[in-house]
Each structure stands twice: as C-alpha cells, then as structure tokens.
2 protein chains.
Amino acid sequence: MSGKQTTKERVLQAACKIFSEKGFHEATVAEICETAGANIASVNYHFGDKEKLYDEVWHYAFSHATATYPVDGVLPENSGIEEGLYIFASAILHRIFSEGENGLFAKLLYREMASPTLALEKIATDYLFPQSQHLASLIQTMPDSHFDAQSLFLCTHSIIGQCAFYNFSRPLREHMIEKKTMTEEEIDRTARHIAYFSLGGLKEIQKDRSTDYSGFIE
Amino acid sequence: MSGKQTTKERVLQAACKIFSEKGFHEATVAEICETAGANIASVNYHFGDKEKLYDEVWHYAFSHATATYPVDGVLPENSGIEEGLYIFASAILHRIFSEGENGLFAKLLYREMASPTLALEKIATDYLFPQSQHLASLIQTMPDSHFDAQSLFLCTHSIIGQCAFYNFSRPLREHMIEKKTMTEEEIDRTARHIAYFSLGGLKEIQKDRSTDYSGFIE
DNA sequence: ACTAATTTTAAATGATTATTTAATATCGTA
DNA sequence: TACGATATTAAATAATCATTTAAAATTAGT
C-alpha cells in the first residue's frame, strides 16, 4: 500500500519519530498510527501495547547509535589518553547532533531522563553503564594513574557531563538560538575541546589533592 | 479551613510540589487541587489557567534558589579563579540536591529542558543566561587570559555541563542507586572537584591550542 | 443585620487518551 | 478457486484531561 514496507515496519518507523520528538508520555498511539498511515489499532495488534512498542524503538535506536558511533572506537597503537577521550567525546556528540536513525538514541535518552518510564532500568543497565565503565577504564590508563575510587567516579562524571550537556540543553538551541545544528567541523572542534579540557582536568586532579583539600578556601 | 493559609496559597504550594515532581504536562490541575485540599476550579479562578499558575511557580522557585544559593557569591579579596569556580559549582549543586523550596528551581529546570513549554524563553532569558554570563566573566579574570570567543564559549559549557549533569542524571540516582541524596560533605567534595578539574581544563586550553589543533590525531 | 462582592462548590462540557471488539479484507497455500 | 490464517478497519469503551457554568457559601462594608 504505502511503499513496500509492512504496516508493522511503518508503525515502528513512525514511533521512532514521534517518541523521539515527544517522549513516551506525550506521544500518542493515535499520532503514531496516523503518521504511519495505519489504523489506530495497529500498535496493539502488532506490538501488544504502547510500552512494548517503546521497548522496540529503544532497541532499534541503540543498535544504530552504537554501530555508527561506538564510544570504544579503535585507537592507534601507542596513542595517549587524549586520543581515547577524543574518540569518546566525538562519538557522544555525533549521536547528539545526528538526524535520523543515528540521532534517535540521544533524543530518546534526554526525554527518558526527565520523565522516566518502566524502561529506564534496562536502559541504564544495558546501554549507559557499560559506556561509563569504558570511560573509567580509559582514565585509569593514564601514566602514573593513582585515582582513588571516588576521584575516578568524579572525573568520569566530569567528562560525561561535558558531553551530555549538549544533549540536555537541546531546547535552548532549538527554541532560542538561530543556529539549530552543528556542522561536522563544529562537532569535531567541540570534541577536541572536551578532550583537551578533560586532559587538563585529569592532570590537575592527579596532583594528589584528590584526598586532601585542606586549606582550599580561607 | 486547612491551617491559616488562603486557598490561593495552598494551591501555589501544591503546584510547586506537583510541577516539580511531574513537569508541566504530566501534572494535572485535579491533583494539584486535591493536594491543596481545594476545589477543582481553584486554579482557574485564582490563577486564570494552568500556564499562569506554572509561571508563578517558576517565579517563586527562582526567588528562593537565587536568594539562598547565588552563583555570584562574594569572594574573599585577592582570591583566585578557583575560589570563584568553587562558589559557582557549590551554588548549582546545592540547588540540585536541596529538598523543599530551594530545590524547586533545579527540579523544574530539568523537566522544562526535556519538555519545553511556552515559559522556556522567559526562563532562559531571565534566569539562565545571566548565570552563564557571570561564569564567562569569571573565566576572563584568569591571569594572562586570552580566550577567543569560541574557546570561552566552550569552556563555559564545560563547567556548566559538569554541574548540570547532576541535575539531568537525577533519575539514575532516584530510580537505580540506593543512595538518593548527597550529604553536605559530599556536595562540597563534588564542588571542589569540579573547581579543580575545571581549573586544570582552563589551564590546558590556555596553552594556545585553542585555535590550532593541527596534528592532533591526523 | 442587610447588601454586595468575593470565594467555593458540584456538576457538566467537550476533547483526548489507550485499549478492545467484532466485522471485514487480504494473503499464502493447497 | 477455495480455505484458513493473518491483517486491517471502524466503532465503541471507559478513563482522564482542562476548563466552564451557575448555584451556594462566605466574607467585607455599611
């Protein structure tokens, strides 16, 4: 009928669009079905209910994001930590600024974070924590690394936070500022900044003040 | 009836609670009125409609947040940039981890960002941009500061991003991890980390690589 | 105490929500 | 072609939403 896709495929595709634009709660099955050119009952018939459709959308989004922009991309032999940081930041930023399938994951994530669903626990366990773990491992490959657990945790958050901010500040770009997206060059420039900024941060923290902040202020 | 507060005051108070827990769209006037022990029509009678009530909640939240935790707190004479960074990070983190009135602003913000309303533009202009501007000014007080506009912008985002991440990753703490809040000591520890990490980042960026990344990763 | 303004109330309105039902249509296969 | 499974459809269901209405209750001013 509409092209050669099946109704189920068209509904999944429409669901990706609507869920990523509106999040789970504000998306309606009526709009999804209408976008797919399918009947209102299609979601329940083909996927069971709205939640199971949402789960399938997440799986689809994660597959594309990690396949196209893996955070643990291959590093050149004997490369330093800054290359690893750059690969990580570049992957996250590309996901955030991608349109279409590769941008789905970040869009879903920033809505899920503010309005969690039953899917959150699986998302965190399967999709998010492994990436944090990879970053923590990377930090520990620094020369003369001696981060205690707490400092490692804080540094990991500092780096992820810098990247994730571009995801969560999305509406400030899209609703307020004239320029709505980044060019490939700007993304690269930002990823390099985060890599160098973080390298400097790690070096500063490594000056063994991690457990002794006495005399910090006053 | 219920204490000595007026109905209007009770509705505003209930609205603060419900809006900060659920965001604008998922909050219902029915639940707000029920929480306030007021009739279903109270919102429309006393505030006009749901949106005007939301505006008043924002104004209330911002007043308390800035009064209790200003980002431009007074610095000791001749203090370095790290003290300024610490004051900034500490203020933002305290807002994020506060319960009650002082925590309202951050809770509203993280929901508004993922599901913007008509109030966003005013929020950004009146409440958010001035704080970014203060941070940018602070960075420029660094000794031998020579950041170009783009680097300054990126550095500002790196610092805000580190703080804001604790706001946007809220559900990971509240839904997943056993420990739901931070002690005063942990907040202070985190603020100091962000101050030092950022100081190191700024110093690294200042090595005049800000406009020349050639030979970075070929 | 009387009147007028203000506030509160219960009920209704009309729109929208996810999901279900049963009838109809389409498709693969013999 | 004919049958059985699969897919699609329109309509109905029951719940929930913000808002409105008009009557009832309360309060304030004289």
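Every chain is numbered from 1, with letters handed out A, B, ... down the list of sequences.
Here the side chain of N39(B) is nearest to one of dA18(C), dA10(C), dT9(D), namely dA10(C). In the set dA11(D), dT6(C), dA18(C), dA11(D) carries the atom at the smallest distance from any side-chain atom of I40(A). Side chain of V29(B), nearest nucleotide from dT7(C), dT19(D), dA7(D): dT19(D).
Distance, E34(B) CD to dT9(C) C1': 16 Å, rounded to whole Å. Atom NZ of K50(B) and atom P of dA18(D) are 4 Å apart (whole Å). If you measure from atom OH of Y45(A) to atom P of dT21(C), you get 15 Å, rounded to the nearest angstrom. We find that CD1 of I32(A) is positioned 8 Å from P of dA18(C), with the value rounded to whole Å. For the pair K8(B) NZ and dT6(C) C1', the interatomic distance rounds to 13 Å; values are reported in whole Å.
A donor-acceptor pair is defined here as one N or O able to donate and one able to accept, closer than 3.5 Å; no such pair exists between the side chain of R95(B) and the backbone of P70(B). Under the 3.5 Å distance criterion, the side-chain polar atoms of Q131(A) are left unmatched by any main-chain donor or acceptor of L128(A).
Taking only side-chain nitrogens and oxygens, N44(A) comes nearer than 4.0 Å to OP1 or OP2 of dT20(C). For the pair H46(A) and dT8(D), the criterion of a side-chain N or O lying under 4.0 Å from OP1 or OP2 is met. The side chain of H25(A) contributes no N or O atom lying less than 4.0 Å from OP1 or OP2 of dT17(C).
Paired with R170(A) under the rule side-chain contact (heavy atoms from CB on, under 4.5 Å), one option of Y110(A), F97(A), F165(A) passes, and it is Y110(A).
Along DNA chain C, the nucleotide nearest to T28(A) and the one nearest to A41(A) differ in position, and the one closer to the 5' end is contacted by T28(A).
Here CD1 of I160(A) is found 11.5 Å from CD1 of I194(A). Values are rounded to the nearest 0.5 Å.
Backbone-only contact: T7(B) has heavy atoms under 4.0 Å from sugar-phosphate atoms and none from a base.
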